[in-house]
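Beneath this line is the structure, given in structure tokens, with notes to follow.
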There are 2 protein chains.
Amino acid sequence: MERQQGSLSERKAALLRALVRHYIRTGEPVGSEALAAASGLHVSSATIRNDLAALEELGYLTQPHTSAGRAPTDLAYRLYVDMLPSRTKLRDAERRAIVTFFDEALADVDEILRGTTQLLSRLTRYASLAFAPSVGESSIVRSELIGLGSATLLLVVFGTGRVEKRVIEAPPGASEDVLERVSRTMMQAFRGKTLGEARVEAEERTKVASGDERVLLERAGEALRSMEDAPDSEHVVMGGVSNIASEEGFNRRDTLRQVYEALERESAMLGLLREAAAISPVSVSIGHENPIPGMWEASVVAAPYAAGGGTVGTIGVVGPMRMDYAAAISAVRAVADRLSAAVEALRT
Amino acid sequence: MERQQGSLSERKAALLRALVRHYIRTGEPVGSEALAAASGLHVSSATIRNDLAALEELGYLTQPHTSAGRAPTDLAYRLYVDMLPSRTKLRDAERRAIVTFFDEALADVDEILRGTTQLLSRLTRYASLAFAPSVGESSIVRSELIGLGSATLLLVVFGTGRVEKRVIEAPPGASEDVLERVSRTMMQAFRGKTLGEARVEAEERTKVASGDERVLLERAGEALRSMEDAPDSEHVVMGGVSNIASEEGFNRRDTLRQVYEALERESAMLGLLREAAAISPVSVSIGHENPIPGMWEASVVAAPYAAGGGTVGTIGVVGPMRMDYAAAISAVRAVADRLSAAVEALRT
DNA sequence: CCTAGCAGTCGGAGCGGCGGAGTGCTAAAA
DNA sequence: TTTTAGCACTCCGCCGCTCCGACTGCTAGG
């Protein structure tokens with residue numbers, strides 16, 4: 001009968017931790033002898049062997065073949081991450097890099113995010129991604145209807161730090177006058193509203209208008225809806241993706257391909273990150289925990305960033321399962337914090 | 001003494017062509033026997049061996065080891081491409097895919113380009129990139145100065161299908177009145193001009209203005225210059241980059257990494273594509289012909305696209321040296337043509 | 001419950017031999 | 001002079017082999 005903690009005896013947990021740490025460093029299956037030396041536990045390798053066998057039985061370890069050491073499974077990584085001290089200190093150089101980056105205040109969200117991914121991938125040596133905040137929640141600063149050519153108009157909506165635009169066909173033969181009027185109306189009516197509110201407003205006004213004006217307002221409403229549903233700005237910014245190719249944790253060529261394919265599916269990544277955003281403050285998805293099959297050999301460390309009291313987006317890194325979780329987590333956390341502040345500052 | 005054509009006897013050229021074709025298919029060094037069968041030439045393998053030795057001497061071929069067949073060098077690919085019939089017909093399915101894609105007229109240049117890269121990489125199975133047209137040459141449709149918060153303004157310039165924006169700090173304590181005035185001035189003065197002309201205009205007006213107005217105009221001028229020098233819109237969009245990871249032409253892991261690293265350096269890619277844009281209508285850079293060391297194992301097929309009489313951007317594909325040049329060239333050409341038309345249509 | 005010892009297993013490195021693909025050369029034919 | 005057939009030679013890659021070492025699991029004793 002074992003003393004239990006969580007569901008594992010203390011020693012087994014310590015062993016597992018040591019093993020994962022060792023495996024992350026070397027990438028080679030770990031043997032009982034090596035563990036005896038590295039774990040700091042004062043027990044013989046034979047004892048350790050017994051424990052290892054038990055841990056394997058429980059699904060935490062695998063043996064590539066009978067006479068090899070053990071390698072961690074997804075489950076082991078999960079336990080390892082959960083056992084990680086909740087905060088590890090960032091190294092000075094890294095902290096400094098982050099501060100320096102955010103010191104030079106950039107004014108454009110896209111620019112900030114691009115820089116952020118580069119920063120993050122430089123810090124961690126993994127690929128990094130950022131999910132841009134949607135214009136949806138923030139309020140409209142200004143909106144414009146601009147004549148582009150004979151019969152095309154461009155509806156432009158400025159949010160905080162973001163711009164959405166949609167092309168609208170003008171009704172054939174619509175007078176300058178009408179265009180002007182509608183443009184002015186919208187400009188005044190939309191200011192300070194969110195996208196959703198603006199759309200409702202447009203719909204309201206559609207009902208009471210007629211003729212060309214009605215058509216225009218209707219189309220503007222559609223455009224607003226499209227901005228809500230699929231904003232241009234709602235995309236994923238990536239940095240350091242070549243790190244994936246260098247990463248020896250992805251040893252099989254096929255794995256590499258799958259990860260790159262997954263990264264290319266914006267929508268998939270969006271889902272992955274959005275899911276992570278719900279979990280505060282830093283979420284880690286390991287191997288098969290990822291919803292996308294192509295990422296089953298990879299891990300994702302993600303954190304939401306917030307401004308004005310609400311989450312607006314997510315950043316994260318993608319690396320091999322044997323990534324340096326402690327470093328990745330603290331880097332992502334620190335960058336997310338700073339990023340929140342930077343985005344907050346933009347909202348002035 | 002040989003009958004020369006170009007600088008190679010006719011048979012040698014034919015041999016080289018057959019060899020490259022074969023190597024592209026198989027990826028294995030080609031032997032004299034196989035060539036005798038494949039080339040269609042009615043000569044014995046012994047004769048071919050002699051020619052091969054000569055071609056090797058001339059630097060067109062290499063032998064991995066004494067008892068292996070021959071593989072083409074960069075030089076051979078170059079000759080092969082130059083000997084390619086100037087136009088090969090696109091397969092029906094491909095032509096149809098292109099037409100279908102451009103049929104659904106998209107209104108936003110960025111959207112079109114993103115779609116174009118996806119189309120191109122689906123057609124060719126290589127990674128593809130597109131270099132967005134700069135707003136620089138096209139004329140300004142509208143420009144706006146928008147108050148974002150307490151002391152920040154956003155200068156927004158609409159070109160044809162593109163938007164550039166820059167943040168400007170307002171002079172502390174500047175009156176609404178001044179802002180309004182400057183905004184109106186610029187709106188009228190810039191319309192129809194190119195970015196460069198608008199900047200000159202701003203500089204002119206700076207000279208005769210004073211006080212806050214002068215400061216504002218000066219900063220607007222700087223913003224315009226920054227748009228000229230480093231437009232937001234001047235970026236590279238990529239598609240199908242995971243094709244690089246699947247591509248067995250990149251057999252060494254290290255090569256893969258280098259190509260991905262190169263692709264991440266936007267500026268490098270820009271240079272590469274811009275160079276290609278000068279050469280009409282389709283340019284091919286093979287191996288060491290590429291200016292970036294990381295791309296020395298790769299080939300780039302690129303073509304400019306034009307609208308309104310001038311080149312506005314470039315599209316291209318990146319693949320292994322043993323790529324299917326004929327297919328890539330015709331796909332790139334066809335897509336570039338259609339893209340030109342689509343962008344042209346945008347300028348209405 | 002832990003440990004020492006030991007037999008057993010299995011992959012990987014190293015080695016030699018073999019077969020095959022392909023070459024270069026030579027000498028004869030066109 | 002060019003082409004061809006024939007032939008000896010080279011060298012890679014594969015196969016099977018053995019051996020080594022790194023582990024394990026088990027057993028028996030503390």
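Labels below follow one simple rule: chain letters A, B, ... track the order of the sequence lines, proteins then strands, and each chain is numbered from 1.
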| Distance, rounded to the nearest Å, where L52(B) contributes CG and dG22(C) contributes C1' | 11 Å
| message | Tell me whether the rings of Y325(A) and Y77(A) are parallel (<30°), tilted (30 to 60°) or perpendicular (>60°). | response | tilted
| said: Other residues, nucleotides and ligands only: do more than 12 of their heavy atoms fall within 6.0 Å of CZ on R125(A)? | reply: no
| message | So, taking the atom named CD1 in I286(B) and the one named OH in Y80(B), what distance separates them when rounded to the nearest 0.5 Å? | response | 10.5 Å
| said: Any side-chain to backbone donor/acceptor pair from T73(B) onto G59(B)? Under 3.5 Å, distance only. | reply: yes
| message | Does anything in residues 16-29 of chain B come within less than 4.0 Å of DNA chain C? Heavy atoms only, and list the residues if so. | response | none
At a cut-off of 3.5 Å, list every protein nitrogen or oxygen paired with a nitrogen or oxygen from nucleotides 28-30 of chain D, distance to 0.1 Å.
none

| field | L35(A) CG - dT24(D) C1' separation (whole Å) | value | 14 Å
| task | Indicate for each nucleotide in nucleotides 4-10 of chain D, in 5' to 3' sequence, whether protein heavy atoms under 4.0 Å reach the base (B), only the sugar-phosphate (S), or nothing (-). | result | BBB---B
| message | Any base atoms under 4.0 Å from Q63(B), or only sugar-phosphate, or nothing? Heavy atoms, all strands. | response | sugar-phosphate
| query | For R11(A), does the CZ atom sit with more than 12 other heavy atoms under 6.0 Å from it, leaving out its own atoms? | reply | yes
| task | Calculate the interatomic distance between L61(A) atom CG and dC23(D) atom P; express it in whole Å. | result | 15 Å
| remark: To the nearest angstrom, the CD-P distance between E57(A) and dG25(D) comes to 11 Å
| said: Would you say S32(B) and R49(B) are linked by a side-chain donor-acceptor pair, where the criterion is simply a distance under 3.5 Å? | reply: yes
| said: If I take atom CD in residue E33(A) and atom C1' in nucleotide dG5(C), what distance separates them, rounded to the nearest angstrom? | reply: 12 Å
| task | May I ask you to check whether over 12 heavy atoms, not counting those of R333(A), lie within 6.0 Å of atom CZ? | result | yes
| query | Got L8(B) and L79(B) here, is their nearest side-chain heavy-atom distance under 4.5 Å? | reply | yes
| query | With a cut-off of 6.0 Å (strictly less than), are more than 12 heavy atoms of other residues, nucleotides or ligands near NE2 of H42(A)? | reply | no
| Distance in angstrom units between H65(A) NE2 and dA22(D) C1', rounded | 8 Å
| query | Is the closest side-chain heavy-atom distance between V282(B) and V301(B) below 4.5 Å? | reply | yes
| said: If only side-chain N and O atoms count, and only distance matters, is there a donor-acceptor pair under 3.5 Å linking T255(B) with E297(B)? | reply: no
